[in-house]
K.L.:
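Handing you a structure now.
In what follows, chains are A, B, ... by sequence order, proteins preceding strands, each numbered from 1. FYI, side chains are in, hydrogens and waters are out, and symmetry mates aren't considered; it's all heavy atoms of this structure.
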Protein chains: 2
Amino acid sequence: MPFTYSIEATRNLATTERCIQDIRNAPVRNRSTQFQLAQQNMLAYTFGEVIPGFASAGINGMNYRDVIGRPVENAVTEGTHFFRDDFRVDSNAKAKVAGDIFEIVSSAVMWNCAARWNSLMVGEGWRSQPRYSRPTLSPSPRRQVAVLNLPRSFDWVSLLVPESQEVIEEFRAGLRKDGLGLPTSTPDLAVVVLPEEFQNDEMWREEIAGLTRPNQILLSGAYQRLQGRVQPGEISLAVAFKRSLRSDRLYQPLYEANVMQLLLEGKLGAPKVEFEVHTLAPEGTNAFVTYEAASLYGLAEGRSAVHRAIRELYVPPTAADLARRFFAFLNERMELVNG
Amino acid sequence: MPFTYSIEATRNLATTERCIQDIRNAPVRNRSTQFQLAQQNMLAYTFGEVIPGFASAGINGMNYRDVIGRPVENAVTEGTHFFRDDFRVDSNAKAKVAGDIFEIVSSAVMWNCAARWNSLMVGEGWRSQPRYSRPTLSPSPRRQVAVLNLPRSFDWVSLLVPESQEVIEEFRAGLRKDGLGLPTSTPDLAVVVLPEEFQNDEMWREEIAGLTRPNQILLSGAYQRLQGRVQPGEISLAVAFKRSLRSDRLYQPLYEANVMQLLLEGKLGAPKVEFEVHTLAPEGTNAFVTYEAASLYGLAEGRSAVHRAIRELYVPPTAADLARRFFAFLNERMELVNG
DNA sequence: AGTCCACCGGGGGACT
DNA sequence: AGTCCCCCGGTGGACC
């Protein structure tokens, strides 16, 4: 399972493990798709033994856009190898898969950061390979975190402890009388304080070696373990991943950040909700301006401590930069948690 | 310029007027586009003598999705005629053009509605062809409206009179001190009260006969005439057009409606801002739920008159339905304007 | 010629 | 097998 395409590795794959699935004889109803980009196989192929930022110096310091582009590149090489001139995938297929890969790989990088951080927090010291500077915050098992890659269709409110969900439910019940609502959806990823009952579990301190299918399932299913167990102030960071930007595609995170701030800060007394957006291709400067928008709830309340809805639009140059930045964030933000 | 593809009509077009432009020998830098869907030519071809809702009964009552799909259909027919197997356009090209056509044609329907409405308002009586039921509001020249199809990159604040822009600017100046902002963008269309200085102009009462290029320019440039001349309470309706929906593509209108409500209702004392979304393919019911969201500004203020940010997600069955609904809206909303 | 803007439909996977 | 979810890149035109 090489990061760099290998004809030998490809040859050894069972057809069900290949990156390209030929569905010309088993078409999906109402679609003309001939070949599918098997996203999970692609991740296992290219990142089966590699988590960027926790791999070789070459990969850790490689342009992150190129790293994220590699699975599609490898898949296209495979498809061309097996199907020659017949091979074709729609640009929308590549777009969909590239977007998911950016999200899943970045989540894996942050998962490993969290594992390393947690290991420091329980007093195991600071792992040295690959080298990142040691955080300065004084270690405490209560300052461990969980990185949750949230699934499609998720509702971040379901992470909260029942009492907090109840507060939100009552608020909504009041709105419903007037035919109103305040539906919540989700960021792509949430970093939360690891609940007390998990603070001795080793799994939260184990760095994964690659995105094999079992590891994919571990990461994508992790959120289920924490549903109903997070205090409002323990949602430490929310992230939206967008491989590239368009001016019309900026608003789901901006709106959701506003709603989270209204509910968590306004109704549940949580500290500032940190919501950021990651991209590899901002395409101009307009997005940075859009994301200077003040959080509407704070504005309306006329509070003194008004802040942006989106804390930052971040363009990771390399996986190592992403990791460094996340460590720095944890070092600062986790000070809020009593050690 | 037929609504139904005509080989004769196509044959008579100069190559610059054709719906398909062959750019294989003049490629756009960094693009692989071979044939362009000349959107403005397509509108002139299919709708050059037709404004749905103001045309024959067959077109007025035709499934609006099919009406809106016709320009691309005709263009593909033309392209296949001239270029046979060489002809290909990316689905993203069709997507872009179909979206713009939905916006421009719907704006034209509403433009003609406004013309008919205005004619009634200045005492010229109610035009009878095609037949729509006569509004009941007592006519007044001050109750005329302008339908503005707003361009890309627009800022709706620029419509407002200088005093109101000044209020917003001061509010923003306060935010800027904290590194914050509250940028505004735009709905696709705004219906505003026709300013006094235009209330005798005939152009606002003239129904257009079709989307010839000059008429396209008239409609798309109309907003320039009203910039700086609209009172905050005179933005009667804002519309976002989305030919089809996806759950991630709902939020620009939702967010912008919230910002408009904060600024117009909250800072400028305007009555309820009516912002709606039109689509031809909602794809499930989720969007209807998302758009039940209460306006965040009203919520935070704890005002009594909280309302939805988006008043309605509307799926026009036919152009005639769209026209009828707009007349009904005007009949109700324009009562707010002193006659 | 170059840059920016905002359009949306074809998607792989989760779930039923 | 059917439905839903949320991914984004290729676009025609405006403006420079």
Side-chain angles (χ1 to χ4, degrees), chain A residues 19 21 23 26 28-43 72 89-104 150-154 185-186 188 216-217 220-221 240-252 279-281 283-287, chain B residues 19 21 23 26 28-43 72 89-104 150-154 185-186 188 216-217 220-221 240-252 279-281 283-287:
Chain A
C19 298
Q21 298 291 314
I23 60 165
V28 177
R29 276 270 187 286
N30 300 321
R31 296 193 185 186
S32 61
T33 315
Q34 297 186 5
F35 299 94
Q36 287 194 305
L37 292 169
Q39 172 176 311
Q40 294 164 342
N41 291 351
M42 290 165 63
L43 284 166
V72 170
V89 292
D90 194 282
S91 76
N92 283 338
K94 291 184 193 172
K96 187 274 182 187
V97 169
D100 282 0
I101 285 176
F102 180 46
E103 173 180 344
I104 293 166
L150 303 170
R152 281 171 157 76
S153 200
F154 192 68
S185 59
T186 186
D188 294 325
Q216 291 174 33
I217 291 167
S220 66
F241 297 102
K242 296 191 170 292
R243 209 209 67 84
S244 71
L245 300 183
R246 293 291 182 275
S247 61
D248 59 312
R249 290 201 276 100
L250 305 174
Y251 291 89
Q252 189 275 339
T279 189
L280 297 175
E283 314 289 3
T285 56
N286 174 270
Chain B
C19 297
Q21 298 291 313
I23 60 165
V28 177
R29 277 273 186 283
N30 301 319
R31 297 192 185 187
S32 62
T33 315
Q34 296 186 6
F35 300 93
Q36 286 194 307
L37 291 169
Q39 172 176 308
Q40 294 164 342
N41 291 351
M42 290 165 63
L43 284 166
V72 170
V89 292
D90 194 280
S91 76
N92 283 337
K94 291 184 193 171
K96 188 272 183 189
V97 169
D100 282 359
I101 285 175
F102 179 47
E103 173 179 343
I104 293 167
L150 303 170
R152 279 169 157 79
S153 200
F154 192 68
S185 57
T186 187
D188 294 325
Q216 292 173 34
I217 290 167
S220 67
F241 297 102
K242 296 190 171 292
R243 208 209 68 84
S244 72
L245 300 183
R246 294 290 183 277
S247 63
D248 58 312
R249 290 201 277 100
L250 304 174
Y251 291 89
Q252 188 275 340
T279 189
L280 298 174
E283 315 289 3
T285 56
N286 174 271

K.L.:
For A:F102 and C:dG12, give me the distance from atom CZ to atom P, rounded to whole Å.
P.N.:
20 Å

K.L.:
Rounded at 0.5 Å granularity, tell me how far CG in B:D90 sits from CG in B:L37.
P.N.:
10.0 Å

K.L.:
For the pair A:R243 (side chain) and A:I101 (backbone), establish whether a donor and an acceptor sit closer than 3.5 Å, ignoring hydrogens and angles.
P.N.:
no

K.L.:
Touch check for A:L245, heavy atoms < 4.0 angstrom, all strands: base, sugar-phosphate only, or nothing?
P.N.:
nothing

K.L.:
Could you tell me whether the phosphate oxygens of C:dG11, OP1 or OP2, come under 4.0 Å of any side-chain nitrogen or oxygen in A:T33?
P.N.:
yes

K.L.:
Examine C:dG2: is either OP1 or OP2 under 4.0 Å from a nitrogen or oxygen in the side chain of B:R29? Give yes or no.
P.N.:
yes

K.L.:
When you get a sec, tell me which of D:dG9, C:dG12, C:dC8 is the closest nucleotide to the side chain of A:D248?
P.N.:
C:dC8

K.L.:
Nearest heavy atom decides the nucleotide; on that basis, is A:Q252 or B:D90 closer to the 5' end of DNA chain D?
P.N.:
A:Q252

K.L.:
Of all the choices, C:dC7, D:dG10, C:dG9, which nucleotide is nearest to the side chain of B:S244 once you look at every atom?
P.N.:
C:dG9

K.L.:
If you measure from the Lys or Arg side-chain nitrogens to the Asp or Glu carboxylate oxygens, is any gap between B:D100 and B:R152 under 4.0 Å?
P.N.:
yes

K.L.:
Round to the nearest Å and state the distance from B:I101 atom CD1 to C:dG9 atom P.
P.N.:
12 Å

K.L.:
Measure from CG on B:L280 to C1' on C:dC8 and round the result to the nearest Å.
P.N.:
12 Å

K.L.:
Identify, between B:E283 and A:S91, the residue whose nearest nucleotide on DNA chain D lies closer to the 5' end.
P.N.:
B:E283

K.L.:
Whether A:R152 contacts C:dA14 is assessed here as follows: a side-chain N or O lying under 4.0 Å from the phosphate OP1 or OP2. Is that the case?
P.N.:
no

K.L.:
Of the nucleotides D:dG12, D:dG9, C:dG9, which has the atom closest to the B:A93 side chain?
P.N.:
D:dG12

K.L.:
From D:dG2, D:dC8, C:dC7, pick the nucleotide closest to the side chain of B:D188?
P.N.:
C:dC7

K.L.:
Tell me the interatomic distance from A:K94, atom NZ, to D:dG9, atom P, rounded to whole angstroms.
P.N.:
11 Å

K.L.:
Choosing from C:dG12, D:dG9, D:dC6, which nucleotide comes nearest the side chain of A:Q36?
P.N.:
C:dG12

K.L.:
In whole Å, I'd like the distance from the CD atom of A:Q21 to the C1' atom of C:dG11.
P.N.:
15 Å

K.L.:
Starting the side chain at C-beta, find the nucleotide from C:dG11, D:dC7, D:dC8 nearest to A:E103.
P.N.:
D:dC7

K.L.:
Quick check for you: to the nearest 0.5 Å, what is the distance between B:Q34 atom CD and B:S32 atom OG?
P.N.:
7.0 Å

K.L.:
How long is the straight-line distance from CD1 of B:I104 back to CE of B:M42, given to the nearest 0.5 Å?
P.N.:
10.5 Å

K.L.:
For B:D100 and A:G284, take the nucleotide of DNA chain C holding the closest heavy atom to each; which residue's nucleotide lies nearer the 5' end?
P.N.:
A:G284

K.L.:
What is the distance, rounded to the nearest whole Å, between atom CG of A:L150 and atom P of D:dC7?
P.N.:
12 Å

K.L.:
May I ask you to verify if any side-chain N or O of B:Q39 is less than 4.0 angstrom from the OP1 or OP2 atom of D:dT11?
P.N.:
no

K.L.:
Using a heavy-atom cut-off of under 4.0 Å over every strand shown, decide if B:R246 touches base, sugar-phosphate, or nothing.
P.N.:
base

K.L.:
Contact class for B:S247 vs. all strands (heavy atom < 4.0 Å): base, sugar-phosphate, or nothing?
P.N.:
base

K.L.:
Show me, range against range, the stems involving DNA chain C, built from at least 3 consecutive Watson-Crick or G-U pairs below 3.5 Å.
P.N.:
C:2-16 with D:1-15

K.L.:
Need to verify one output field. Residue with the more 5' nearest nucleotide on DNA chain C, A:A38 or B:T186?
P.N.:
B:T186

K.L.:
For A:N92 and B:S91, which heavy atoms make the closest approach, and how far apart are they?
P.N.:
ND2-OG, 3.5 Å

K.L.:
Taking the side chain of A:K242 as its heavy atoms from C-beta onward, which of D:dC8, D:dG9, D:dG2 lies nearest to it?
P.N.:
D:dC8

K.L.:
Just the rounded figure in Å: distance from C1' of C:dT3 to CG of B:N30.
P.N.:
11 Å

K.L.:
To the nearest 0.5 Å, tell me how far B:K242 NZ sits from A:D248 CG.
P.N.:
6.5 Å

K.L.:
Please report the distance, rounded to the nearest Å, between CZ in B:F154 and P in C:dC5.
P.N.:
15 Å

K.L.:
Verify, without hydrogens or angle tests, whether B:Q252 (side chain) and A:L250 (backbone) share a donor-acceptor contact under 3.5 angstrom.
P.N.:
no

